[in-house]
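Have a look at the structure below before the remarks.
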Amino acid sequence: MAISIKVVLHFPRHLMNQPIIYHLARHYDVEFNILKASITPQEEGVLVMELKGEQKDYEGGIKYLTDSGVEVHPLSRNVARDEDKCTHCGVCVAVCPVGALILDPATRRVDFCESKCIACELCIKACPPRAMKVCL
Ligand code: SF4
Ligand code: SF4
């Protein structure tokens, strides 16, 4: 059965220069489409990808990624902001691919529009005080 799933991949710093995506393409029969690529201030990599293929090939590719030390999450969880922790520094504004985090020039505060958020998690690792979080 063919499937198509959007996932978020987190690459720790020590994997940043490794040819992991090259090996995924070469050794697993999984089509992928990179929707967003970003490097956090902590120099970790985040990729949002759509993966398509037969279920067994998809599972093999995901196993290869996780065995390599890449964190893989489905693009389906809710993301929320801890208002007490947010310092409105603006770092997250640049990484959000859908404009869900917007700097209001009048107030100098960052507004979070939850209805636009696609839960890609790019802001979570980018946020210095870890104000953005996943809600299960
Ligand atoms: S990066 Fe974090 S602290 Fe800074 S504005 Fe965004 S949510 Fe707030
Ligand atoms: S999780 Fe939501 S708010 Fe954060 S970067 Fe992704 S889309 Fe933007």
Side-chain angles (χ1 to χ4, degrees):
M1 182 181 63
I3 56 170
S4 168
I5 296 180
K6 290 179 183 159
V7 292
V8 184
L9 310 181
H10 293 272
F11 292 77
R13 276 176 76 169
H14 70 277
L15 294 180
M16 287 293 286
N17 294 323
Q18 302 298 315
I20 288 175
I21 296 301
Y22 168 78
H23 285 297
L24 178 70
R26 190 174 167 89
H27 299 296
Y28 297 87
D29 193 12
V30 178
E31 243 182 78
F32 62 84
N33 181 22
I34 295 177
L35 305 173
K36 175 78 181 174
S38 176
I39 296 176
T40 70
Q42 292 79 26
E43 296 181 7
E44 294 168 338
V46 183
L47 276 182
V48 182
M49 295 170 71
E50 182 172 23
L51 297 172
K52 292 180 186 172
E54 294 297 318
Q55 176 93 33
K56 67 173 178 27
D57 295 323
Y58 169 79
E59 286 172 2
I62 294 295
K63 183 173 186 316
Y64 162 69
L65 290 169
T66 53
D67 286 352
S68 301
V70 179
E71 273 180 49
V72 183
H73 300 297
L75 194 65
S76 60
R77 304 187 293 183
N78 286 327
V79 169
R81 183 167 71 179
D82 183 334
E83 299 299 334
D84 292 336
K85 283 189 179 171
C86 178
T87 60
H88 297 272
C89 67
V91 169
C92 57
V93 174
V95 304
C96 180
V98 293
L101 292 153
I102 306 157
L103 182 63
D104 182 339
T107 62
R108 306 298 303 164
R109 291 172 70 84
V110 173
D111 296 329
F112 176 38
C113 179
E114 290 185 46
S115 61
K116 284 189 183 173
C117 177
I118 60 168
C120 71
E121 304 181 27
L122 291 173
C123 58
I124 290 178
K125 290 204 169 182
C127 175
R130 296 286 194 257
M132 302 303 294
K133 59 188 181 184
V134 168
C135 305
L136 297 173

For F11 and I21: C-alpha separation, side-chain torsions, deciding distance, then whether side chain to side chain contact (heavy atoms under 4.5 Å, CB included) applies.
CA-CA 11 Å; F11 292 77; I21 296 301; 4.0 Å; yes

Check against side chain to side chain contact (heavy atoms under 4.5 Å, CB included), V110 and D104:
CA-CA 6 Å; V110 173; D104 182 339; over 6 Å; no

Please lay out, stage by stage, how C117 and F112 fare under the test side chain to side chain contact (heavy atoms under 4.5 Å, CB included).
CA-CA 8 Å; C117 177; F112 176 38; 4.0 Å; yes

With side chain to side chain contact (heavy atoms under 4.5 Å, CB included) as the criterion, how do Y58 and D29 come out once you've worked through the C-alpha distance, each side chain's angles and the decisive distance to 0.1 Å?
CA-CA 8 Å; Y58 169 79; D29 193 12; over 6 Å; no

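In terms of heavy-atom proximity, L47 sits nearest to A37 at CD2-CB, 3.4 Å. Annotation for A25 and F32: closest pair CB-CE2, 3.6 Å, computed over non-hydrogen atoms. The nearest pair of heavy atoms linking P97 to I118 is CG-CD1, 4.4 Å. When all heavy atoms are compared, the tightest approach of R108 to P105 is CD-O, 3.6 Å. When every heavy atom of V79 is checked against every heavy atom of C123, the shortest pair comes out as CG1-SG, 4.3 Å. M16 and E44 get closest at one heavy-atom pair: SD-C, 3.9 Å.
Looking only at side-chain heavy atoms (C-beta outward), C86 and P129 stay at 4.5 Å or farther from each other. Residues V30 and K52 are not in side-chain contact: their nearest non-hydrogen atoms beyond the backbone lie 4.5 Å or more apart. The closest side-chain heavy-atom distance from V46 to E121 is not below 4.5 Å. The shortest side-chain heavy-atom distance between E54 and D57 falls under the 4.5 Å cut-off.
Partner V72 forms a side chain to side chain contact (heavy atoms under 4.5 Å, CB included) with one of L51, V8, L65 and no other, that one being L65.
Checking side-chain atoms of S68 against main-chain N and O of V70 turns up no donor-acceptor pair under 3.5 Å.
How far CG of L122 is from SG of C127: 13.0 Å, rounded to the nearest 0.5 Å. To the nearest 0.5 Å, atom NE2 of residue H10 and atom CG of residue L15 are 13.5 Å apart. To the nearest 0.5 angstrom, K56 atom NZ is 12.5 Å from Y28 atom OH. The CG atom of N78 sits 12.0 Å away from the NZ atom of K133 when rounded to the nearest 0.5 Å. Here I5 contributes atom CD1 and I3 contributes atom CD1; the two are 4.0 Å apart, rounded to the nearest 0.5 Å. A distance of 8.0 Å separates CG of L35 from CG of L75, quoted to the nearest 0.5 Å.
The number of heavy-atom neighbours closer than 6.0 Å to CG of N17, taken from other residues, nucleotides and ligands shown, is 12 or below. For N33, the CG atom is densely surrounded, since the number of other residues' heavy atoms within 6.0 Å is greater than 12. Counting non-hydrogen atoms of neighbouring residues, nucleotides and ligands closer than 6.0 angstrom, the CZ atom of R130 exceeds 12 such neighbours.
Ion pairing between K6 and E50 fails under the 4.0 Å rule for side-chain N and carboxylate O. Salt-bridge formation is not detected for the pair E114/K116: no Lys NZ or Arg NE/NH1/NH2 atom is positioned less than 4.0 Å from an Asp or Glu carboxylate oxygen. Salt bridge status for K125 with E71: present, with a side-chain N to carboxylate O gap under 4.0 Å.
Taken together through direct or relayed side-chain contacts under 4.5 Å among Ile, Leu, Val, Met, Phe, Trp and Tyr, V95 and I102 form parts of separate hydrophobic clusters.
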